[in-house]
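FYI, side chains are in, hydrogens and waters are out, and symmetry mates aren't considered; it's all heavy atoms of this structure. Just so we're clear, the structure is a prediction, and the values are computed from it rather than from any experiment. In what follows, every chain begins at residue 1, and chains take the letters A, B, ... in the order their sequences are listed.
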Amino acid sequence: MRSLKPRDNRAWFGVLPVVLIVAFSAVIPLMTVVNYSVQDILDFNTRFFVGFEWYRETLNDPRFLSAFVRQVVFSGTILLIEIPLGIAVAKGIPRNSKLTPFILILLALPLLIPWNVVATIWQIFARPDIGLLGVGINALGIPYNYATDPTHAWITIVAMDVWHWTSLVALLAFAGLTAIPRPFYQAAEIDGANRWQIFRLIELPRLRGVLIIAILLRLMDSFMIYTEPFVLTGGGPGNATTFLSQYLTTMAVGQFDLGPAAAFSVIYFLFILLFCWLFYSSVVRNDDS
Amino acid sequence: MAGIRLDKLSFRYPGADTNTLEDLQLDIANGEAHALLGASGAGKTTLLNLLSGILSPTGGRILFDSEDVSALAGRIRNVAQVFQFPVLYESLSVFENLAFPLQTRRASAARIAERVDYVSAELGIAALHKRKPGTLTLSEKQLVAVGKALTRPDTSLVLLDEPLTAVEPRKKWRLRQALLKAQSDLGVTMIYVTHDQTEALTFAERVSVLTADGILQTGTPEEIYQSPAHEFVGHFVGSPGMNFVPASALGVAHGERIGFRPEWALIDAQGPIAGSIKRIRMQSTENGVPMGLITLDTRFGEIAVRSMANLDVGADIALRVNRYVVFAGKTRVGESALA
């Protein structure tokens with residue numbers, strides 16, 4: 001048989017534009033950060049190679065570790081609230097009503113507001129002296145103040161994130177629900193299935209795809225949260241709401257510790273990658289069995 | 001199981017000017033396999049939804065064993081349904097799917113196992129019990145869906161909504177055989193809704209031809225084919241359908257038009273219907289003689305005849321009609337004796 005080895009390799013030039021764009025937009029910046037992470041940079045002309053020193057230091061830094069734990073707790077909390085709540089909201093949206101488009105637009109509104117505006121809205125809304133929510137809660141006899149009480153700060157940030165992003169889950173879940181053909185409901189009705197069985201046996205399996213997307217999006221996004229806590233609480237009180245990205249910014253921009261900040265970034269990036277991979281591969285493995 | 005009666009059944013969609021179904025009258029015996037044959041737009045789906053309880057009649061009654069169920073919900077009527085595409089619970093195994101309608105009625109585990117095994121043996125799906133629907137072929141899934149409709153012993157009626165549409169042609173025959181066998185063994189009242197005359201005529205003991213004007217005829221497949229009660233039935237059933245010529249062409253005094261099937265005519269030089277051969281479609285050979293469907297151009301329009309096909313396109317021939325049905329005002333008023 002004749003060899004099918006390509007003799008003309010000029011076709012590779014065809015992919016060159018893509019290679020260049022990806023190189024400049026992703027690979028080169030990322031490698032720059034990797035490069036920084038193994039050096040001690042005193043100023044732009046004075047730098048030493050330090051190997052994995054910064055990585056060792058970052059992973060042993062108690063402030064990094066506590067920010068990391070806070071980050072995991074935060075992402076876990078908002079996922080546990082937003083996913084079930086989003087599904088519940090989606091189930092509550094009427095399917096073929098004249099109101100449906102209005103409800104969908106109303107739901108989409110929070111998604112259109114810039115992060116810092118959301119944070120500013122809540123910053124004022126929750127203020128115990130002039131904010132509607134803050135004043136209201138205090139009027140009920142609960143001494144609420146997100147600026148001084150870490151628990152209150154946490155509740156406020158979680159509430160804000162839930163307010164901002166549950167719509168995304170709800171809209172995705174609604175799209176998934178409307179895609180379920182009517183005979184599935186008819187069959188369930190004939191079989192005598194109750195509402196819980198309809199949800200668990202028909203709706204949930206058919207929502208799997210959109211829920212995986214919703215969880216991945218919210219997981220990645222919440223893991224990188226920066227603007228909202230920065231505007232709302234500034235990471236305080238104390239370090240109570242200092243998450244990874246804020247700590248990173250303090251290091252890189254505030255203290256100009258480029259080497260450690262770069263090592264931090266690489267670790268941060270790898271963790272997000274790891275979590276998404278763990279989640280996705282466990283889902284895919286479940287599919288195969 | 002139950003005998004089904006439609007008594008002056010009418011339905012009008014909210015906001016519509018006319019009734020989609022008007023004064024339907026139909027009796028289906030207990031344990032009968034009945035086919036509802038109709039072109040699209042005839043109201044098949046509407047009638048199906050009325051029977052299953054998704055819609056409620058705006059006039060008339062639906063009786064199950066002389067009990068008026070018109071106002072009852074589907075789950076109270078005990079109507080099971082098989083849809084165009086297989087509807088199964090994807091996260092449950094085949095066994096759990098089959099058991100589900102019994103479980104929701106709190107049947108005992110022993111009773112469930114007994115019924116599931118019985119129905120599975122009937123349909124030949126016992127080997128699939130442990131598998132998930134996602135690993136089955138389309139026709140296997142549809143068989144399981146049929147099984148799910150049959151597991152409950154108190155089912156009054158099984159509705160089949162074009163259940164073979166999604167199944168690949170080679171598997172259709174096998175699936176239909178399984179369905180027929182289960183129907184006759186279990187004595188289930190089944191209503192099979194389809195636009196496919198072959199499916200209707202080969203499945204059912206009796207067929208109703210439904211059009212926008214109502215049920216034109218109910219009868220055995222033989223009756224529907226041999227003596228259509230309405231010109232539409234003659235035209236719609238059969239491939240190709242009946243030929244129609246004016247009654248005067250054959251010298252028949254009563255009636256307006258005469259219908260005859262392609263195999264009811266013979267080539268005969270002295271025959272009353274003359275024409276030239278327009279095209280010939282070969283279909284088979286009998287004793288070495290090619291047989292085919294010959295289309296003639298006559299002064300009454302195109303006429304199809306099944307005959308020996310050792311003829312040439314363009315040749316002038318004439319036909320003798322051995323058997324015919326006479327119509328007046330579109331409905332049957334008489335017919336010739338069987339030749």
Tell me, side chain or backbone of B/R105 under 4.5 Å from chain A's heavy atoms, or both, or neither?
-> side chain

Does the gap between the ring centers of A/F243 and A/W154 come in under 6.0 Å?
-> yes

Interatomic distance, CG@A/L273 vs CG@A/L278, rounded to 0.5 Å, equals 10.0 Å

Basic-acidic side-chain contact under 4.0 Å: B/E90, B/K132 | no

In terms of the angle between their ring planes, are A/F223 and A/F275 parallel, tilted or perpendicular, with boundaries placed at 30° and 60°?
-> perpendicular

Those residues of residues 176-191 of chain A, ordered by number, that approach chain B below 4.5 Å (heavy atom to heavy atom) | A/P181, A/R182, A/P183, A/F184, A/Q186, A/A187, A/A188, A/E189, A/I190, A/D191

Judged by atom type as modelled, is there a donor-acceptor pair below 3.5 Å linking the side chain of B/R5 to the main-chain atoms of B/D27?
-> no

Taking the six-membered ring for Trp, are the ring centroids of A/W277 and A/Y280 within less than 6.0 Å of each other?
-> no

Carboxylate-amine/guanidinium proximity below 4.0 Å for B/R152 and B/D154 | yes

Check: A/Y247 ring centroid to A/F64 ring centroid under 6.0 Å = no

B/K44/B/E162 under salt bridge (Lys or Arg N to Asp or Glu O under 4.0 Å): CA gap, chis, key distance, verdict = CA-CA 10 Å; B/K44 283 181 308 213; B/E162 311 207 358; 3.5 Å; yes

Considering only heavy atoms, give the residues of residues 95-104 of chain B separated from chain A by less than 4.5 Å, sorted numerically, with 'none' for an empty result.
-> B/F100, B/P101, B/T104

Atom group of B/I76 that falls short of 4.5 Å from chain A, counting heavy atoms = neither

May I ask you to check whether B/Y13 and B/F11 place their ring centres under 6.0 Å from each other?
-> yes

Decide, yes or no, whether a salt bridge links B/K171 with B/E140 under the criterion of side-chain N to carboxylate O below 4.0 Å.
-> no

Greatest number of heavy atom pairs closer than 4.5 Å to chain B - which of A/A193, A/G192, A/P205 | A/G192

